[in-house]
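Everything on this sheet refers to the single structure shown next.
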Amino acid sequence: MTNTEQAATRWLILVIKLPADPSRHRVAVWRELRKIGALSLGQGVWAVPEVPVFADGVQRALELTDIGGGQGMTLQAYGRSDTDAALFREMFTAARSADWAEFLADCGKFEEEIAKEIRIAKFTLAELEEEEQSLERLRRWHRDLTARDVFGAPEAAEAGERLKRCAAVCDDYSERVFSALHSTDED
């Protein structure tokens with residue numbers, strides 16, 4: 001996005017009111033909004049940039065609000081000044097930075113787990129399958145974070161490189177598993 005496009009970013013402001021009981025409806029809406037990366041502005045008030053990647057999640061949150069017997073409305077907004085617009089982008093990008101930091105931490109855990117399996121020579125198909133599922137989860141998470149990181153948090157590039165490293169680590173482990181499974185006692 002160019003500076004002009006960023007300054008003119010239109011935001012959707014969601015105002016959600018739900019009954020206190022049962023709480024499962026509030027929790028469902030909260031989870032949906034967190035899942036799409038909505039920025040919490042206060043009790044029942046959320047914001048997302050008005051771009052297509054958020055449309056389905058916003059619609060789901062509004063549907064869940066209706067199901068829960070609540071009221072939901074969306075408003076369109078811009079920053080009143082360039083400073084306000086920049087602050088909103090910074091708040092949203094800071095939230096994405098926190099998401100990327102969590103992703104990077106999970107990449108580290110993934111690499112540590114495989115290093116442990118190599119250290120103890122646990123070269124089984126079951127373990128390989130588990131690690132491949134973990135890598136797939138990281139890939140889905142990376143794809144989802146990339147989609148909602150509309151302003152480009154600084155950690156995004158590092159996360160892409162880290163995911164490639166996780167894939168390489170998993171490939172190496174896979175080779176070790178198949179080597180161990182195909183070796184004979186005479187090897």
Practice prompt. Can you establish whether the number of heavy atoms outside M73 located under 6.0 Å from its atom CE is more than 12?
Written response: no
Discussion item. Could you measure the distance from the CZ atom of R176 to the CG atom of D171? Nearest 0.5 Å is fine.
Written reply: 12.5 Å
Identify every side-chain donor-acceptor pair in residues 123-131 under 3.5 Å, counting partners at least two apart or on other chains, and give the distances.
residue, atom, partner, partner atom, Å
T124, OG1, E127, N, 3.1
E127, OE1, K122, NZ, 3.4

Practice prompt. Mind checking side chain to side chain donor-acceptor pair (under 3.5 Å) for R34 and listing every partner two or more places apart, or none if nothing turns up?
Written response: none
Item to complete: Answer yes if L33 and L145 sit in the same cluster of Ile, Leu, Val, Met, Phe, Trp and Tyr residues linked by side chain heavy atoms under 4.5 Å apart, and no otherwise.
Response: no
Worksheet item: About how many Å separate CD1 of I114 and OG of S134, when rounded to the nearest 0.5 Å?
Response: 8.0 Å
Worksheet item: Taking only residues two or more places apart in sequence or in another chain, which ones pass side-chain contact (heavy atoms from CB on, under 4.5 Å) with K116?
Response: E113, R119
Worksheet item: Could you give all pairs that pass the side chain to side chain donor-acceptor pair (under 3.5 Å) test and reach residues 93-103, with sequence neighbours left out?
Response: R96-D99, S97-E155, W100-D149
Discussion item. Please determine whether the number of non-hydrogen atoms from other residues, nucleotides or ligands lying under 6.0 Å from atom CD of E63 exceeds 12.
Written reply: yes
Item to complete: Mind listing the closest non-hydrogen atom pair of A95 and L39 along with its distance?
Response: CB-CD1, 4.3 Å
Practice prompt. Output every pair passing side chain to side chain donor-acceptor pair (under 3.5 Å) with a member in residues 35-54, not counting sequence neighbours, ordered by first then second residue.
Written response: R10-E50, E50-Q76
Item to complete: Not counting sequence neighbours, which residues clear side chain to side chain donor-acceptor pair (under 3.5 Å) with D144? List them please.
Response: none
Fill in: Side-chain cluster (under 4.5 Å, hydrophobic types only) that L104 belongs to, other residues
none
Practice prompt. Assign the ring pair W11 / F151 to parallel, tilted or perpendicular, where the plane angle (0 to 90°) is split at 30° and 60°.
Written response: tilted
Response to the item:
Heavy-atom nearest pair, L41 first then A47, reads CD1-CB, 3.8 Å
Item to complete: Applying side chain to side chain donor-acceptor pair (under 3.5 Å), name anything that partners E117, two or more places apart in sequence or on another chain.
Response: none
Item to complete: Output the distance between atom CD1 (I67) and atom CZ (R60), rounded to the nearest 0.5 Å.
Response: 12.0 Å
Worksheet entry | C107 SG to L163 CG distance, which is reported to the nearest 0.5 Å | 6.0 Å
Worksheet item: What do the steps show when you test T83 against L87 for side-chain contact (heavy atoms from CB on, under 4.5 Å), and what is the final call?
Response: CA-CA 6 Å; T83 302; L87 179 59; 5.6 Å; no
Item to complete: With sequence neighbours left out, write down each residue that passes side-chain contact (heavy atoms from CB on, under 4.5 Å) with A98, or none if nothing qualifies.
Response: none
Item to complete: Please name the pair of heavy atoms, one in S183 and one in A180, separated by the smallest distance, quoted to 0.1 Å.
Response: OG-O, 3.1 Å
Discussion item. For H142 and R162: C-alpha separation, side-chain torsions, deciding distance, then whether side-chain contact (heavy atoms from CB on, under 4.5 Å) applies.
Written reply: CA-CA 10 Å; H142 183 271; R162 193 70 180 269; over 6 Å; no
Response to the item:
By side-chain contact (heavy atoms from CB on, under 4.5 Å), R140 pairs with (sequence neighbours left out) E136, R137, R143
Worksheet item: Can you name the one residue among T74, V48, V45 that meets side chain to side chain contact (heavy atoms under 4.5 Å, CB included) with I13?
Response: V45
Discussion item. What's the separation between atom CD1 in I118 and atom CG in D172, rounded to the nearest 0.5 Å?
Written reply: 5.0 Å
Discussion item. Restricting to non-hydrogen atoms, name the atom on S174 and the atom on E132 that form the minimum distance, rounded to 0.1 Å.
Written reply: OG-OE2, 4.5 Å
Discussion item. Measuring from atom CD of E111 to atom CG of D106, what distance do you get when rounded to the nearest 0.5 angstrom?
Written reply: 11.0 Å
Worksheet item: Are E112 and K109 within salt-bridge range, i.e. N to O under 4.0 Å?
Response: no
Check: residues 16-31 side-chain donor-acceptor pairs under 3.5 Å, at least two apart:
residue, atom, partner, partner atom, Å
R26, NH1, P19, O, 3.4
R26, NH1, A20, O, 2.2

Practice prompt. For residues V150 and F54, report the shortest heavy-atom separation together with the two atoms involved.
Written response: CG1-CE1, 4.0 Å
Worksheet, complete the sentence: In terms of heavy-atom contacts, T9 and P49 come closest through CG2-CB, 4.2 Å
Fill in: Aromatic plane relationship, F103 with W141 - under 30° parallel, 30 to 60° tilted, over 60° perpendicular
perpendicular
Discussion item. A167: which residues meet the side-chain contact (heavy atoms from CB on, under 4.5 Å) condition with it, sequence neighbours left out?
Written reply: L135, R139
